[in-house]
Each structure stands twice: as C-alpha cells, then as structure tokens.
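Keep in mind that this is a model prediction, so the values were computed, not measured. To find a chain, count down the sequence lines: A is the first, B the second, and so on, and within it residues start at 1.
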Protein chains: 2
Amino acid sequence: MPTLAHDIKQTVPFAGPEVEAYLNLQRTADQLHRQTVELLKPHGLSSTGYNALRILRGAGPAGLPCSDVGARLVAHDPDITRLADRLAEAGLLVRDRKPGDRRVVILRISQLGLELLARLDPLTVELARRQLSHLGGAGLESLIRLLEQARHPPIASPTSPSPEKP
Amino acid sequence: MPTLAHDIKQTVPFAGPEVEAYLNLQRTADQLHRQTVELLKPHGLSSTGYNALRILRGAGPAGLPCSDVGARLVAHDPDITRLADRLAEAGLLVRDRKPGDRRVVILRISQLGLELLARLDPLTVELARRQLSHLGGAGLESLIRLLEQARHPPIASPTSPSPEKP
DNA sequence: AAACGATATTTGTTTAAACGACATTCGTGA
DNA sequence: TCACGAATGTCGTTTAAACAAATATCGTTT
C-alpha cells in the first residue's frame, strides 16, 4: 500500500492556479501551433523558417546577422546555420559575409522569399483570426497583456534558483 | 523597387490583435516551457515523459492504454511506443497486455516512477509559481479562462477551410 | 469458421532539434 | 606585431519528433 502515491493522488487535479494556468498555456499554444504547421506544410516551410523569413523581411535589404535572427525567433534556435542552409537551398534567402567583420554572416531575404511571404501572410493572418477572433477585442487585449506580463516576472530570473530559501 | 515588399513592410508590426496575441502566446509558452525542460533535464526526463508519467499516476494502478496516454498528453504524441520504450527502460513504468484485448498495451507507472514524481512535483509547482504567481489571483483566473476559450472556438474547426468564401 | 474491415501498436525512415567541440576572425593590450 | 580572450559560425553526433507502412488482434458478417 504505497502511501506515497496515495497522498499524492489527492493533490493531482491541480496544484494551484499557477499550475492550471501553465498547463492551459502549453496546451493552447500547442493546439494553435499545430494548425499553423499544417498550414505551412504544403508550402514546404516550417514554422521556424516562416518566422525567420518574417524577421528578415522586417530587417529590409540590409539583412541581419545569424545571431540576431536566432535571438529574435519566438523559439530561440541555437543552430541558425542549418536553418539558413535549408532556406538558402530553397532560394528563400541569401548569405553574405559582412564587409567589416568577416566573422558574421549576413542573411537577406530573397525576392522569392518575399513572394512566398506575400502569399503566406494572408493565410496565417486569417488562421489567427479564426483561432482567436472569438475572444473579442477586450479579451484579446487582456490576453496579450497577461501573456506579456507572464514573460516579465517582477524579480529574479525564474531559471536561477532563488539565492536563499532556509 | 519591389512594391510588393514595400506594401507589406507597412503591415509588418502586427496584422491585428489576433496575430499579436498568437505570437505572444507562442513566445510565452516557449519561454516557460524551456525553463521546465531545464528543470527536468538533470533528472533525465523530458517534459513529454513527465506529462505521461503524471497521466499514468492519475490513472492509478489500473493503468492506461497507450492510445489514451497519447490523447491526454498536452502535445499529442502519435508515437507512444518509443516514449514508453524510454520510460520503461528507465524503470519508470511497466507494460502489460490487456487481458481481454491483446491488441492494447496497458501502461502502468512503477514505484520508481511514483517516487520520481514525488520528488519532481514540488519543483515543478514551485517553478510554475515563480513563473506566474505575479499575475495575481484575478489575473490567473482571467488567463485560464481566456486560454480555455481560445481552445474552444465557437464554430467550424479552424483547421478545415471555411466551406464557402465567395 | 473464414473473411472483412476496424482498431492498436510496432517498426522503418526521414527530418529537425539539442548539445558540444572546433575553426575563424576580431579587438585589445603587452 | 604578437598573443590572448571574446565573439561568431560551422560541423559532428546524439536524440527525439513526424510520417508512412506493416503487423497483430478483435468484432462482425457470411
């Protein structure tokens, strides 16, 4: 008779509203993300690739170093090299060495990449609307505010253990 | 002079609140998820594995078929076989054939698995609190409600294209 | 009971993410 | 100018996710 399991069993449903919110967040994000992946798949693009191309479009013809692209991605990808490999092979971006600093590689979106984004943007915008418009204007604003707030905890980076806890 | 890119550039910042909410959702979920992955890593467990074990604990000694576990996971994993392989090899669960129906494989959490969860639960709960408690009780309830609402659009599955749009 | 379709899991293969080691280049200071 | 440390990418390898095909079992019908 494992009292361990028995004790825990009691607390299973939800260990407080924070855990419930966390699980809802992951579940919802995953569900919506999968729909985006499905939308992008027939165009031969991953969601990471799509995000990278949008970042590069935002950077304009000046392009952006690999590291900057990696830092701005929603899911920080430490391996931009291979991501850029695939996008370059598909002709969606171009790679150049930075004139002043030969360490950095500048990524620029190509005309083909711009055209692909121009085709994809209406689709992803429409998808987001189908997914979320029923929350209403006030609901969306509230959700946005709460999510931003969640990403910015008041103190002490949550990854590092609290320095004292006697 | 690519007017295509130029036109789009205007609309880049955010194509409406739904897109802004979507990106915030993905960004926030990814940030919090990575912290959970970091927390679990030293214990040799992936977040999917951790979720699967919690589902099995909730199922009790009766266990649960593979397919049921897959359906209840936050990120529906179509490949439970290999997930169960790893967890079984680590001694965290046991596999049995269902007596009445030899097609289905019943997964049961082991004593070792229960003990691991008992050690991990306080850590994940504390992490969730560090991540989200600053939203406050009202904020958390509001967030939970909005996320649940987001997962349940009023009509027409968002994955299938709307049947008519002339 | 033999055959058919449905269900549940396994297996093989491709693809991408994760992690670490390595190489190149730059800036700085002896 | 030479050496040293930091910054930036690249590459090799391990691990897991994604997808399709194959296998085994069941329930039902003929």
Side-chain angles (χ1 to χ4, degrees), chain A residues 26 29-31 33-52 63-90 92-108 159, chain B residues 26 29-31 33-52 63-90 92-108 159:
Chain A
Q26 298 302 329
D30 183 73
Q31 177 177 310
H33 180 244
R34 281 172 192 272
Q35 294 170 3
T36 301
V37 170
E38 288 305 308
L39 181 80
L40 261 30
K41 190 177 303 175
H43 300 269
L45 205 56
S46 68
S47 67
T48 306
Y50 178 60
N51 284 323
L64 222 53
C66 291
S67 51
D68 286 22
V69 175
R72 299 188 195 185
L73 279 174
V74 292
H76 292 200
D77 190 338
D79 193 1
I80 305 296
T81 300
R82 288 183 170 91
L83 174 61
D85 281 350
R86 292 169 229 139
L87 296 175
E89 190 176 9
L92 300 173
L93 61 77
V94 190
R95 273 188 279 207
D96 287 312
R97 288 279 168 186
K98 182 170 182 176
D101 189 339
R102 268 179 299 192
R103 287 174 301 181
V104 325
V105 171
I106 299 291
L107 305 180
R108 287 185 190 83
T159 49
Chain B
Q26 297 303 329
D30 183 72
Q31 176 177 312
H33 180 244
R34 280 170 194 272
Q35 293 171 3
T36 301
V37 170
E38 287 305 308
L39 181 80
L40 261 29
K41 190 177 302 176
H43 299 269
L45 204 57
S46 68
S47 67
T48 306
Y50 178 60
N51 284 321
L64 220 53
C66 290
S67 50
D68 285 23
V69 175
R72 297 189 197 186
L73 279 175
V74 290
H76 293 200
D77 191 338
D79 192 2
I80 305 296
T81 300
R82 289 181 168 94
L83 175 62
D85 281 350
R86 292 170 230 140
L87 296 174
E89 189 175 9
L92 301 173
L93 60 77
V94 191
R95 272 186 281 207
D96 286 313
R97 289 278 166 186
K98 183 170 182 176
D101 188 341
R102 268 179 300 192
R103 287 173 300 180
V104 324
V105 172
I106 299 291
L107 304 180
R108 286 186 191 82
T159 49

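At whole-Å resolution of the value, NZ in Lys98(B) and P in dT7(C) are 15 Å apart. We find that CG of Leu73(A) is positioned 15 Å from C1' of dA18(C), with the value rounded to whole Å. Look at CD on Glu89(B): it is 10 Å from P on dA16(D), rounded to the nearest Å. Rounded to whole angstrom, the span from the CZ atom of Arg95(A) across to the P atom of dT8(D) amounts to 17 Å. Here dT8(D) presents its C1' atom at 16 Å from CG of Asp96(A), a figure rounded to the nearest Å. One atom, CZ of Arg82(B), and another, P of dC19(D), lie 14 Å apart when rounded to the nearest Å. Between the CG atom of Asp77(A) and the P atom of dT15(C) there is a distance of 18 Å, rounded to whole Å. Atoms CG (Asp101(B)) and P (dA24(D)) sit 16 Å apart, rounded to a whole Å.
The side chain of Arg103(B) approaches dA6(C) more closely than any other nucleotide in the set dT10(C), dA6(C), dT10(D). Comparing dA18(C), dT10(D), dC19(D) by their closest approach to the side chain of Cys66(A) singles out dT10(D). Ranking dC19(C), dT11(C), dT25(D) by closeness to the Asp79(B) side chain, first place goes to dT11(C). When distances run from any side-chain atom of Val105(B) to the nucleotides dT9(C), dC26(C), dT25(D), the shortest one goes to dT9(C).
The 5' end of DNA chain D is approached more closely, in terms of each residue's nearest nucleotide, by Ile80(A) than by the other of Arg34(A) and Ile80(A). In this structure, Arg97(B) and Val37(B) both approach DNA chain C, and ranking their closest nucleotides by distance from the 5' end singles out Arg97(B).
The side chain of Arg86(B) contributes an N or O atom lying less than 4.0 Å from OP1 or OP2 of dA17(D). Between Thr48(B) and the phosphate of dA17(D), there is a side-chain N or O to OP1/OP2 separation shorter than 4.0 Å. Under 4.0 angstrom from either OP1 or OP2 of dC19(C) there lies at least one side-chain N or O belonging to Lys41(B).
Counting all heavy atoms, side chain and backbone alike, Tyr50(A) lies closest to Leu40(A) at CB-CD2, 3.7 Å.
Residue-level contact check: Thr81(B) touches the bases, meaning some heavy atom is under 4.0 Å from a base atom. Residue Gly49(B) is out of contact with every strand shown, counting any heavy-atom pair closer than 4.0 Å. No contact: Gly70(B) has no heavy atom under 4.0 Å from any strand.
Within 6.0 Å of atom CZ in Arg102(B), 12 or fewer heavy atoms from other residues, nucleotides or ligands are found, so the atom counts as exposed in its surroundings. Within a 6.0 Å radius of CZ in Arg34(A), other residues, nucleotides and ligands contribute more than 12 heavy atoms.
Of the possible donor and acceptor atoms, one in the side chain of Asn51(A) sits under 3.5 Å from a partner among the backbone N and O of Ser47(A).
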Run Glu89(B) and Arg86(B) through salt bridge (Lys or Arg N to Asp or Glu O under 4.0 Å) and show every step you take.
CA-CA 5 Å; Glu89(B) 189 175 9; Arg86(B) 292 170 230 140; over 6 Å; no
